[in-house]
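The next block holds one structure in the form of structure tokens; read it before the comments.
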Amino acid sequence: MTTTDDLRAALPNTAGINKAGHLAIGGCDTVELAERFGTPLLVFCERTFTDRASSVRASFGGPTIYYAAKAFLSKAVCGLVEREGLGLDVASGGEMFTGLAAGFPAGRMVMHGNNKLDSELEMAVGAGI
């Protein structure tokens with residue numbers, strides 16, 4: 001059986017039920033969002049991201065904390081990662097391209113994993129990653 005606390009931990013920090021009885025995230029009515037943009041729809045909560053980044057930084061202190069691009073990446077997310085002082089962990093040329101296109105500092109990016117194309121490695125080295 002799921003408790004309210006278990007469900008709350010799975011939802012964004014700003015999630016709640018509004019006066020219309022709809023799920024709201026960041027003050028946005030998700031029914032209205034679905035009507036406007038269609039479904040499926042991904043709703044990203046900036047406050048949840050920044051709160052969790054702060055919590056991780058507080059827990060681990062000094063070393064650079066890296067955001068795993070594979071979790072979810074867009075230019076806007078790259079901006080949040082940069083603003084929060086995190087590094088960006090990329091595993092593919094596409095993730096690297098998105099970070100660079102967003103203006104994310106190459107010196108705060110790392111590329112991990114195996115099975116990379118020569119072109120991906122050349123791009124990473126050329127960019128200073």
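Counting begins at 1 with the first residue of the sequence.
- At a threshold of 4.5 Å between non-hydrogen side-chain atoms, the residues E95 and L88 do not count as touching.
- No single ILVMFWY cluster, assembled from side-chain heavy atoms under 4.5 Å apart, contains both I129 and Y66.
- For the pair E84 and R57, the minimum side-chain heavy-atom distance is below 4.5 Å.
- Contact record, T64 with G87: CG2-N, 3.8 Å, taken as the closest heavy-atom pair.
- Using a 4.5 Å cut-off between side-chain heavy atoms of Ile, Leu, Val, Met, Phe, Trp and Tyr, with links allowed through other members, L23 and L41 fall into the same hydrophobic cluster.
- The same ILVMFWY cluster, assembled from side-chain heavy atoms under 4.5 Å apart, contains both L73 and F97.
- When all heavy atoms of A127 and A106 are compared, the closest pair comes out as O-CB, 3.0 Å.
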Candidate pair M111 and M123, rule side chain to side chain contact (heavy atoms under 4.5 Å, CB included), full reasoning: CA-CA 11 Å; M111 180 175 244; M123 183 178 173; over 6 Å; no
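- Within the 3.5 Å criterion, the main-chain N or O of L86 finds a donor-acceptor partner in the side chain of R108.
- For C78 against G99, the heavy-atom pair with the smallest separation is SG-CA, 3.7 Å.
- The closest donor-acceptor contact from the side chain of T39 to the backbone of A34 lies at 3.5 Å or more, if one exists at all.
- Nearest heavy atom pair, residue A20 against residue D29, reads CB-OD2, 4.4 Å.
- Tracing side-chain contacts under 4.5 Å through hydrophobic residues (I, L, V, M, F, W, Y), one never reaches V110 starting from F72; they form parts of separate clusters.
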Side chain to side chain contact (heavy atoms under 4.5 Å, CB included) between Y67 and L80, worked out: CA-CA 10 Å; Y67 173 76; L80 288 174; over 6 Å; no
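- Nearest heavy atoms, V56 versus I65: CG1-CG2, 3.6 Å.
- For F37, the ring-ring contact (aromatic ring centres under 6.0 Å, His included) criterion is met by no residue, not counting sequence neighbours.
- A tilted orientation is assigned to the rings of F44 and F49, their planes being inclined by 30° to 60°.
- Using a 4.5 Å cut-off between side-chain heavy atoms of Ile, Leu, Val, Met, Phe, Trp and Tyr, with links allowed through other members, F60 and V81 fall into the same hydrophobic cluster.
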Verdict with supporting geometry, N13 and R52, side chain to side chain contact (heavy atoms under 4.5 Å, CB included): CA-CA 9 Å; N13 295 358; R52 293 190 181 160; 3.6 Å; yes
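- Here the side chains of S92 and E120 are in contact, with some heavy-atom distance below 4.5 Å.
- Looking at S59, its side chain does come within 3.5 Å of a backbone N or O of S55 through a donor-acceptor pair.
- One finds the CG atom of L11 at 7.0 Å from the CD1 atom of I25 (value rounded to the nearest 0.5 Å).
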